[in-house]
Amino acid sequence: MSATASKNKAGAVSARKQWWQHYLETLRYVFHVLFHPFDGFWDLVHEKRGSMAAAHTFVALFLITRVVKLMFTNFQFITVPLQYINIFEQCASLLVPFLILCVANWGMTTLFDGKGRFKDIYMAMAYALTPYVLIQLPLVLLSNIITYEEASFYLVLMNISVIWALFLVFVGLMQVHDYSPGKTLIFLFVTVLGALVIIFLILVFFSLLSDALGYFVSMYKEISFRLF
């Protein structure tokens, strides 16, 4: 092996090591975001303390948590027939709205001096999902230990995970766009409306596409019937 090839290999190994170190640091940074959200989200985006790799990891964990919750939560706390659970549909039912909300927020805030890029919005919202994962996963195990009479404790923790995540979404978007709390609240409402419009347009598009395909298929069958 030549000296140049050896040097390139050593450089590649060093680069991978640095990437993993940075990835692990951005994963650990989520605990700072959880308990110090205002400066945590600011540094996450503006000081590059977060990473897209970590954000993808948190989104994946969010989807896995949802599937695990549906499949393994005690029947006393959730009634979902396992034979009807489609893992891909469950993941899509969460991932698609999540991405649409990111797109809607980016589109609306871009028109009104929002400083966040789509990447920043996605990263902030992905990090904000962490309380759901950290609380809901242990709750799956807890649901198989406690009795139905102790359900109030289970429900309180479940609600805390959702409220905490929503609070982090609010703070994260506020810091990403450098908005005031009032303006952030308004644009959260506008984001939901924008997401509904996007979903409506997607449904209309696929409906028209289905009608067009149906027309061409029926026309092909008619032509084939007349010719053959």
*Do His32 and Asp39 get their side chains close enough for a donor-acceptor pair, meaning under 3.5 Å?*
yes
*With side chains defined as the heavy atoms from C-beta onward, is the minimum distance between Leu134 and Phe31 less than 4.5 Å?*
yes
*Please lay out, stage by stage, how Thr65 and Gln136 fare under the test side-chain hydrogen bond (donor to acceptor under 3.5 Å, both in side chains).*
CA-CA 7 Å; Thr65 300; Gln136 293 280 351; over 6 Å; no
*Nearest heavy-atom neighbours spanning Ala54 and Thr26*: CB-OG1, 3.5 Å
*Any luck finding a side-chain donor-acceptor pair between Tyr23 and Thr57 under 3.5 Å?*
yes
*Which pair of non-hydrogen atoms, one from Val59 and one from Ala126, has the smallest distance, and what is that distance?*
CG2-CB, 3.7 Å
*Could you tell me which non-hydrogen atom of Tyr154 sits nearest to which non-hydrogen atom of Leu139, and how far apart they are?*
CE1-O, 3.6 Å
*Could you please spell out the steps behind the side chain to side chain contact (heavy atoms under 4.5 Å, CB included) verdict for Trp42 and Asp178?*
CA-CA 9 Å; Trp42 179 268; Asp178 197 17; 4.2 Å; yes
*Tyr127 to Gly50 - nearest heavy-atom pair and separation*: OH-CA, 3.5 Å
*asked:* Taking the ring centre of each residue, are Tyr122 and His56 less than 6.0 Å apart?
replied: yes
*Hey, are the side chains of Met174 and Pro181 touching, using non-hydrogen atoms and a 4.5 Å cut-off?*
yes
*Decide yes or no for Ile135 and Met158: does some side-chain heavy atom of the first lie under 4.5 Å from some side-chain heavy atom of the second?*
no
*For side chain to side chain contact (heavy atoms under 4.5 Å, CB included), just list the numbers for Phe58 and Val133, CA-CA rounded to whole Å, side-chain angles, deciding distance to a tenth of an Å, and then say yes or no.*
CA-CA 8 Å; Phe58 295 131; Val133 176; over 6 Å; no
*Candidate list Asp120, Thr184, Asn105, Thr110, test side-chain hydrogen bond (donor to acceptor under 3.5 Å, both in side chains), partner His177, passing option*: Asn105
